[in-house]
Amino acid sequence: EHSVLHLLYSRFITKALKEMDYFSFDEPFFKLRHQGIILGSDGNKMSKSKGNVVDPTKEIEKHGVDAVRMYLCFMGPFEQGGVWNPQGVTGLKRFLEKVWLLKDKIGEKEDKDIEKELHKTIKKTTKDIEELRFNTAISALMELVNKIDNLTKKQMEKILIILSCFAPHFAEEVFSVIGGDGLISDREWPEYDKEAIVEKEINLIIQVDGKLKDMVVIDVDMSEEEIKKIATENKKVKKQIEDREVEKIIIIKNKLINIVTKKND
């Protein structure tokens, strides 16, 4: 609301300076993103008269500045804002506590599954942060942390680099505790390995006449003939089609196979 006149002034001054040949362009911004309004917990715009104003200083004293900052980024899409939920800050504080405990799970052996999940998270958070989708970037971090039983120091550092975008003080503290050299904020942004995130196996849905009968794990590079054999020899499927004539088999790559039987006249 308050930014409207500032934007008007910026455009006017830019266009005036272009007319005076000081600028070669006549628009001051490539792209404009408005942040959403944070409403009170009652769903209304914060106002002293309504008594629904949230004092950020008190929230910071209670939960810590990084937990509050992360919640503001997590509560909804950047442009939409959202309704303040006191329980939401508590949830983010618990997440940071989970990350803190990861320091005790650091070992020498690399878990290949966690490495794969880490590269997926790097890919997603990189794109999300560039597009100001902070809430989904944080969500991806939460999903990753929930899967970790053990990790290497190198993996932990990559997680902290991403986390430092939202919880800089906390990330630096953890980095220091695990013996990090310098500041985590000085580290280069991690790059994901395309080969590491390629799915080698998929869940294949097996249907008979459009109805789910089973789900099996197969290699992604399996041929159609091999997929048909697996499906038609499946115990649940064989029982379903033993007295029917198969009219056609439909395969949707890397998703499902549907065995269509001939209807009796």
Side-chain angles (χ1 to χ4, degrees), residues 62-75 87-131 133-204 215-222 254:
K62 184 178 179 181
H63 301 288
V65 66
D66 280 343
V68 174
R69 179 189 291 107
M70 281 198 79
Y71 175 60
L72 291 173
C73 292
F74 181 69
M75 65 191 301
Q87 300 304 316
V89 192
T90 304
L92 266 299
K93 186 176 181 181
R94 287 188 187 133
F95 166 68
L96 291 176
E97 289 169 351
K98 271 188 178 181
V99 177
W100 176 260
L101 294 175
L102 286 183
K103 69 186 188 329
D104 300 323
K105 298 180 179 181
I106 294 176
E108 297 297 325
K109 191 175 179 181
E110 182 182 282
D111 186 320
K112 291 183 179 179
D113 290 333
I114 293 303
E115 182 69 6
K116 180 178 179 180
E117 292 300 320
L118 176 58
H119 282 282
K120 284 183 179 179
T121 304
I122 292 170
K123 180 182 179 181
K124 178 164 177 55
T125 53
T126 301
K127 186 174 177 60
D128 284 350
I129 291 171
E130 287 174 351
E131 297 178 358
R133 295 202 300 261
F134 305 131
N135 57 325
T136 53
I138 293 172
S139 179
L141 270 176
M142 289 176 169
E143 289 177 17
L144 173 65
V145 170
N146 285 336
K147 294 174 181 176
I148 296 176
D149 289 321
N150 59 80
L151 75 170
T152 64
K153 183 180 177 183
K154 186 177 179 181
Q155 290 172 331
M156 183 69 175
E157 288 179 0
K158 290 179 180 179
I159 292 170
L160 291 175
I161 291 171
I162 300 170
L163 183 63
S164 68
C165 294
F166 310 105
H169 306 290
F170 176 83
E172 294 294 356
E173 180 68 18
V174 179
F175 186 57
S176 174
V177 169
I178 65 173
D181 183 26
L183 298 175
I184 194 71
S185 55
D186 289 334
R187 294 297 180 97
E188 288 189 12
W189 188 260
E191 294 185 5
Y192 69 91
D193 182 352
K194 292 180 180 179
E195 291 298 318
I197 62 176
V198 172
E199 294 291 345
K200 301 292 191 298
E201 296 179 330
I202 58 152
N203 292 320
L204 180 74
M215 182 181 290
V216 295
V217 178
I218 65 168
D219 294 335
V220 291
D221 56 356
M222 188 170 285
N254 294 339

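Within the 4.5 Å cutoff, side-chain heavy atoms of I202 are placed close to those of I218. Side-chain contact between Y192 and T126 is absent, with no heavy atoms from C-beta onward closer than 4.5 Å. Between W189 and I129, the closest side-chain pair of non-hydrogen atoms falls below 4.5 Å. M75 is not listed as a side-chain neighbour of I138, based on a closest heavy-atom distance of 4.5 Å or more. In this structure, the side chains of L163 and M70 come closer than 4.5 Å at one or more pairs of heavy atoms. Inter-residue side-chain proximity for D66 and R69 is flagged as met; some heavy-atom pair is nearer than 4.5 Å. Side-chain contact check for L160 versus I178: some heavy-atom pair is nearer than 4.5 Å.
Atoms CD and CZ, on E97 and F170 in that order, are 8.5 Å from each other to the nearest 0.5 Å. Atom CD1 of I161 and atom CG of D186 lie 10.5 Å apart (nearest 0.5 Å). Here L204 contributes atom CG and M222 contributes atom CE; the two are 9.0 Å apart, rounded to the nearest 0.5 Å. For the atom pair NE2 of H169 and CG of L96, the computed distance is 12.0 Å after rounding to the nearest 0.5 Å.
For the residue pair N203 and M215, the shortest heavy atom distance occurs at CB-SD, 3.7 Å. Nearest heavy-atom pair across A140 and T125 is CB-CG2, 4.2 Å. Nearest heavy atom pair, residue E157 against residue I184, reads O-CD1, 3.7 Å. Here the closest heavy-atom approach between residue F175 and residue L183 is recorded as CE2-C, 3.8 Å. Heavy atoms only, all atoms of each residue included: K153 and I106 are closest at N-CG2, 3.6 Å. Heavy atoms only, all atoms of each residue included: K124 and T136 are closest at CE-O, 3.9 Å.
For K105, the NZ atom counts as densely surrounded, since its 6.0 Å shell holds more than 12 non-hydrogen atoms of other residues, nucleotides or ligands. Surrounding CD of E191 are at most 12 heavy atoms belonging to other residues, nucleotides or ligands under 6.0 Å away. Other residues, nucleotides and ligands contribute only 12 or fewer heavy atoms inside 6.0 Å of the NZ atom of K123. By the neighbour-count criterion of 12 heavy atoms within 6.0 Å, atom CG of N146 is densely surrounded, having more than that number from other residues, nucleotides or ligands. Environment of NZ in K62: sparse, with no more than 12 heavy atoms of neighbouring residues, nucleotides or ligands closer than 6.0 Å.
Evaluated for a side chain to side chain contact (heavy atoms under 4.5 Å, CB included) with I159, the options L144, I122, T121 yield exactly one hit, L144.
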(message) Using the rule given for side-chain contact (heavy atoms from CB on, under 4.5 Å), can you reason through V174 versus L102, listing the C-alpha separation, both sets of side-chain angles and the distance that settles it, and then say yes or no?
(response) CA-CA 9 Å; V174 179; L102 286 183; over 6 Å; no
(message) With side-chain contact (heavy atoms from CB on, under 4.5 Å) as the criterion, how do F74 and M142 come out once you've worked through the C-alpha distance, each side chain's angles and the decisive distance to 0.1 Å?
(response) CA-CA 11 Å; F74 181 69; M142 289 176 169; 4.0 Å; yes
(request) Report the C-alpha separation of F95 and L141 in whole Å, then their side-chain angles, then the decisive distance to 0.1 Å, and conclude whether the side-chain contact (heavy atoms from CB on, under 4.5 Å) test is met. (result) CA-CA 10 Å; F95 166 68; L141 270 176; 4.2 Å; yes
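Of the possible donor and acceptor atoms, none in the side chain of E110 sits under 3.5 Å from a partner among the backbone N and O of T152.
At a cut-off of 3.5 Å, with distance as the only test, a side-chain donor of E115 or H119 sits close to an acceptor on the other residue.
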